[in-house]
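Naming: A, B, ... by sequence-line order, numbering from 1 per chain.
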Amino acid sequence: MSFRRIEKKLISGKRLSPQDAVELYRSDDIFGLGLLADARARELNGDRVYFVRNRHINPTNICINRCRFCAFSRSRGEDGAYEMTMDDIMRRASECGPDTRELHIVGGLHPDWPFSFYTDMLGGIKSRFPHLHIKAFTAVEIDYLTKLSGLGLRKTINALIDAGLGSMPGGGAEILGQGVRRKICPEKVSGARWIEVMRAAHKAGLKTNATMLYGHVEKIEDRVDHMLKLRELQDETGGFNAFIPLAYQPENTRMDGGSRTSAFDDLKTIAVARLFLDNFPHIKAYWVMLGVKIAQIALSFGADDMDGTVIEEKIAHMAGGSSPEAMEIGALADLIRRAGKTPVERNAVYNPVERKRSTTTATDSRAYE
Amino acid sequence: MSKPVTETGRITRKDALSLLKNAPLLELGRMADDVRKKLHRGKTVTFVIDRNINYTNICINRCRFCAYFRDAGHPESYLLSREAIFEKIAETVALGGTQILLQGGLHPDLNIEYFENLFSAIKSRFDVNLHALSAPEIFYIAKQSGLSVPKTLARLKAAGLGSIPGAGAEILSDRVREAISPNKIKTAQWLGVMEAAHRQGIRSTATMMFGSGEEPDDIIAHLDAIRKLQDKTGGFTAFIPWTFQPSNTDIDIRPATGADYLRVLALSRVYLDNIANIQASWVTQGIKMAELSLRFGANDLGSTMIEENVVAAAGVSYRVSMEELVEAAHNAGFRAAQRDTFYKIIKRF
């Protein structure tokens, strides 16, 4: 199937319709699709591909939601349930070297922790490690924290910002359409509420990401509808940094059957997102979910960000994700270069990091030749 | 930039080098996909059910890139008994297997009689193709037995050798061979064994192991050597590029990435216009990359490899089932089919 019509539309600067996005998804011309998306990525970001030195902290997997697709969550007292103490969290933050730019903190909706636990955590980290940018709490957690604080959405977000919150990740979006949510995560906030929280965060001045969990029960049309909702909010607020498609990992979840996503589905999703989400500055190939090899190939299909070193990620790995647990910075930069792109280290909000030569190791400097 | 091979005839070495170095991944992929479509008009992707049996890990070559070999007398060295080999073959046949990939180290105590006896014993017991002994093994057996290579091949064929795996080729560039496997036979000898085999009607595959420190020139030299020999003999059934796995070896190098793999795979399809089949290497790349390979020049998923030891020793342990191979073919838009060693379809899925 040819998409000359869509190509013409893109060349003349017209926006793709949801029908166009579905048509691109259905095409088997992966080369044409990839080249279109790559051209668009180059318009926006040149040949730059971003990465960040980051560390994940998942303070607890105890969660009142128990979404069916999730292999991470546990109920209190269940085998494998854990909760970190404040000291555990501070110790992990203290393990970050001076070059770490971002702490990524997301976890379950813990039934007992008070709102003050979260503000204390943010404040404690910022007072001891002021160089760390804290990217924390999905929209689902923010909704929950709003209930804990009793302050309402806007004031809750402001209290978190005052305590040290720097930006928000994009998790919990899954598929925003309610029909799909009812099947895979009936306890979770609605798609409309997810959007509402993000709108409030953007209006409070926070940058956020947006994810999409795909490859389970949803149809292509559900994915495009999801992206449309994100595009509309981005038109309104401009608060999204990156769109991050997350391939569903079928192992260890409580959903029946299901299979891994195909490589073609992964790459088409990246490419369609790059073309359809014309107002998103960045599309992320999250190697933890895609696997390192497919994430690298995604850099030819419109992705311009590979996330980062991702030390101690638990959520995807508990779902049977087979990617390594962390990636050395030189290896990450090497992958980007061998994909024909230029590696650029960024901070949490996509500003390039000024590098001090004296602090780079031999491996690092090789990566920047 | 060169034009697609199918419009202008053969791609030259110069153009191939330029493509390998400069062409965007997706341009190269599209070119390879077009060549694959012309050569394989049906929407079929094939695989073979087989087992890798490594009869010994004792090897005098001691290649620097190899994590599998042991010296004789080492506590982990072994030589499989005939009974152990028969049992593995019986299991393979029970699983629908049609091929035994029998390879091992260069064991100083095994001469041609050992292999003749083993092969005829296998053939008298099992209806299975013996895809056995890489070119370095054949060369070594000839030397140890005081025979010429053609005479050795003739005797092995008479005993039941059906076809020859393309292993031991590594990179057919003596500069690189000297660096990574100084004791292994050189390019001319590897090609000489293959030519002698093809002339006796013994068909073979050809492999290329890249990512061990070679230059793009070396890759092109390898492809060109294979293409030239194929012009002479037509004996290669398939070409299999795969990537060097550095763990547990003597070579400290960052492994070839997925993009490197797809580039070389695609270029192989474009360059080797006289070899019908290109195999994807799920063993070194994983099943998702193998699936993607089917649009970057590959038309075959290799084998189920019921048992694979050598790559696993170098730290890579992908395992797939037949169902996963069928799924990979479907995901890429093809129908899967089980084939025999010579690419005859046995069963469609």
- Item | Under the ring pair (Phe, Tyr, Trp, His ring centres under 6.0 Å) test, residues paired with A:His282 that sit two or more places apart | A:Tyr50, A:Tyr350
- Note on the structure: Under a 4.5 Å heavy-atom criterion, the part of residues 288-296 of chain B in contact with chain A comprises B:Lys288, B:Met289, B:Glu291, B:Leu292, B:Arg295, B:Phe296
- Reported NZ-to-OG1 distance for the pair A:Lys293 and B:Thr284, which is rounded to 0.5 angstrom: 6.5 Å
- Item | Closest non-hydrogen atom pair, A:Ile297 against B:Gly258 | CD1-C, 3.8 Å
- Using the ring-ring contact (aromatic ring centres under 6.0 Å, His included) rule, collect all pairs that involve residues 244-265 of chain B, keeping only residues at least two apart or in two chains. none
- Which region of A:Asp38, side chain (C-beta onward) or backbone (N, CA, C, O), has a non-hydrogen atom less than 4.5 Å from a non-hydrogen atom of chain B, or is it both or neither? neither
- Item | Atom pair CG (B:Asp260) and CD (A:Gln296), whose distance is rounded to the nearest 0.5 Å | 6.5 Å
- Item | Residue list, side-chain hydrogen bond (donor to acceptor under 3.5 Å, both in side chains) with B:Glu215, at least two apart or on another chain | none
- Query: Out of A:Asp265, A:Leu299, A:Leu267, A:Ile294, which one racks up the most heavy-atom pairs below 4.5 Å with chain B?
  - Reply: A:Ile294
- Item | Distance-minimising heavy-atom pair for B:Leu25 and A:Ser300 | CD2-OG, 3.7 Å
- All heavy atoms of B:Asp33 vs all of A:Phe31, minimum pair found to be OD2-CE1, 3.5 Å
- Task: Pick whichever of A:Gly34, A:Gly32, A:Ser262 has the most heavy-atom pairs under 4.5 Å with chain B.
- Result: A:Ser262
- Item | Contact summary for A:Ala339 and B:Ala259, nearest pair of heavy atoms | CA-CB, 4.5 Å
- Message: Once rounded to the nearest 0.5 Å, what's the spacing between atom CD of A:Glu328 and atom CZ of B:Arg254?
- Response: 5.0 Å
- At their closest point, which heavy atom of A:Arg260 faces which heavy atom of B:Asn331, and how far apart are they? NH2-ND2, 3.7 Å
- Item | Shortest non-hydrogen contact between A:Leu35 and B:Leu26, atoms and distance | N-CD1, 3.6 Å
